[in-house]
Amino acid sequence: TMTMIRTSSRFLLHFTLLLFSFRYCKAFSIPSHAIIAAPTTASQGTNIGDKKDEEQLQQPPRQRQRVVVIGAGVGGLATAARIASSFPPPFEAPEVVVLEKNGRRQLGGRCGSFDVTLEQGTFRHERGPSLLLLKEEYERLFADCGNVNVESDRCNSNTDGADDKTPTPISAAQSYGLEMKQCIPAYQVVFEDGLTIPLGFPRSKCSQGLSLEEIKQIQILEQESILKLNALEPDGFNKWQAYLDTCSAYLNCGLPNFIEERLDIMSFPSFLYEALRDNLQRWPLKPHATMLSSLFTSSKMIALASFQDLYVGLEPYANPNQIGGGVLRKSAPAVFGLLAALELHPTNEKAGVFAPVGGFRQVAESMHELCVDRNVNIRFDTPVTAVTEEGVHFVGKDGNEEEGFIPADLIICNADVPFATETIAKKLGKSPTQLHQETYDWNDKFDYSTGVIAFHWSVSQRLDALNTHNVFMSADTIQDAEKSWAVLRGDDDLIDDNASCVSMRGKPFNFYVHRAGMTDDSACPPGCDSIMVLVPCPTLVRSNDLASLPRDEAMEVYKAQFGEDYVEDVRSAVLERLSVLNGLENLQDAILDEVVDTPASYADYYNVGAGVPFGLSHGLGQLSLTRPAAECKSYNNMLFVGASSRPGNGVPLVLIGSRQVAKKAVEKLKSMITQEY
């Protein structure tokens, strides 16, 4: 045992040193002309160089550079805005053009909303993310591209009721209409037996703009949560807090050093202490549930501590048939407990679950307005069909069937990496016809996150038994808990080659429910609710025979992989599980309208590989240095940004990636100018 401990300790230290040597040794050798200074005001932009650059750029006039961005998702919009903001006068900014395959209503890609209008009014539904994390990353995007704070014409009120006409400073994000409201509690977890446990109570409740009555109600829920945790196992609440503290140390070290790629030496002592203490009980590279089983005795406590693994496309349990228990591929290493800290830790300044007022559509709209202010040209209904060294080929749609080509000095690809590398960026000889033919294919050598069946229900009544964010879990026994993750492992009898032949009724499974109207009244008419249910399911099964077919023909075949019988079975299983809550026993009778998405829907809307909305999974074999890099292997003038490239999936990580890619892009553009002179 001591030999294993010493070997594991050396591995962690060597792994850390390896990452340092790769990232930071070359960081210290960056030439001065590649350094981007801190952002200033909107009128000044960002300082991109030194005096040597000014002399080079003051040479005789040259043709303006052009950057073409493929896709108006979060990564594409954020990168476009950052590049366009990085050249202050007198330097000429490049022309930035965004080509988006979908129409204006689908701005933002997976980060968007859609409306259902009925007799009762308009119901808003999210098609992608529904909870907002790392709020400061959203704020930073708008601050990087303009003013950190601006003055508002809103007025405060004095205690005596008189108006205070002093302008209120607001953030740059707020100036673009992006308001983010914290959800307290962050989650409600619901077990099969009807037990509900609220989680996520920040200590600084008074700073959230809550009334005294709201704070009182939150305190009642928090005490209820403590009692229920203690009922699950002796001293359950204190064990829970100790676990979150370990996760907080992992978050404080992992975010700057391995996600943002900036050295933070001060975060390592706490990280190493948590990793090595108690005979490696909390060792971050062991399977997550293996670590949790040494801290908790209750299967429900283990479930509470690991449900976030679903977001990164992994299961918490060790797979005995794979090396290291599966952490290289589909089992979550314990370090992913940092996600629990990010959402639920009571004092970590990075923690908290938020909701954007107006839905994630407003996030995309605010980014769009930012791009427009920075003179970014966005063209909708313009699918890209091929990339060459010279530029981008595209076609029109919706009655605009033109074929076109845009020369580009630099290409930023926000299309999903596994799709793009097998279609638009595949470097093979293409005929003129093939250059303007849409196809759908993906690289199936990667490991993918789970597929999703999404139900969007417009409901005629308020479902007060639900919180804004709800996770329904099967964990009556350890055996049930492990089986509930079978869809991610793919080796249970829940899965076979034809998804429509498999039943979920009576089997353990986990799913997520979003009730937007609890936090944002604009999501639904009065007395009604907008509900989204996300159920993990198999991914699309790739067929090589479909790779060269026109896209529409291939999509019709892939849609058949999820038939109505399968969708009906999932719907029935979900309604049965929801019925354990008061007022939801006859929910089906209150559903006014239903929109269903399957992996084929997500593939059709967004060209995501295998039809998965969460992108590539995050096993150690596809994490950090082992995840697809920004640089395209086929074209030197092309960079990737998005959920399937570094640093990973989720809107905040994509925003961090956009910052990293924008920096690389500006360096490349400056290098091109330098070479010309």
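Since the model is a prediction, treat every value here as computed from it, not as a measurement. One-based numbering along the sequence shown.
Using a distance-only test at 3.5 Å, with no hydrogens or angles considered, no donor-acceptor pair links the side chain of R627 to the main chain of R646. Without hydrogens or angle criteria, E100 side chain to A72 main chain gives a donor-acceptor distance under 3.5 Å. Between the side chain of E422 and the backbone N or O of N443 there is no donor-acceptor pair closer than 3.5 Å. Between the side chain of T79 and the main chain of A662, no donor-acceptor pair closer than 3.5 Å is present. With hydrogens and angles ignored, the 3.5 Å screen pairs a side-chain donor or acceptor of Q437 with a backbone N or O of S548.
Note on residues 71-81: no pairs pass salt bridge (charged side-chain N to carboxylate O under 4.0 Å, His left out), not counting sequence neighbours. Applying the salt bridge (charged side-chain N to carboxylate O under 4.0 Å, His left out) test to every pair with at least one member in residues 383-396, sequence neighbours left out, gives these pairs: E389-K427.
For D521, the salt bridge (Lys or Arg N to Asp or Glu O under 4.0 Å) criterion is met by no residue, not counting sequence neighbours. Shown here are the side chain to side chain donor-acceptor pair (under 3.5 Å) partners of K350, two or more places apart in sequence or in another chain: N252. Residues meeting the salt bridge (Lys or Arg N to Asp or Glu O under 4.0 Å) test with R105, sequence neighbours left out: none. Partners of E343 under the side chain to side chain donor-acceptor pair (under 3.5 Å) rule, at least two apart in sequence or in another chain, are Y187, Q308.
Counting heavy atoms of neighbouring residues, nucleotides and ligands inside a 6.0 Å radius, atom CG of D115 exceeds 12 of them.
A centroid separation of 6.0 Å or more is found between the aromatic rings of Y138 and F354.
For the residue pair H125 and S458, a side-chain donor N or O sits within less than 3.5 Å of a side-chain acceptor on the partner. A side-chain N or O of Q362 and one of S366 form a donor-acceptor pair less than 3.5 Å apart.
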Please test L77 against I378 for side-chain contact (heavy atoms from CB on, under 4.5 Å), starting from the C-alpha separation and ending with a verdict. CA-CA 9 Å; L77 294 173; I378 303 177; 3.8 Å; yes
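With respect to the salt-bridge test (charged N to carboxylate O, under 4.0 angstrom), the residues K181 and D520 do not qualify. Salt-bridge check for E126 with R110: failed, with every basic side-chain N at 4.0 Å or more from each acidic carboxylate O.
Residues R124 and S522 approach most closely at NH1-OG, 3.0 Å, considering heavy atoms. The heavy-atom pair separating F360 from S113 by the smallest distance is N-OG, 3.7 Å.
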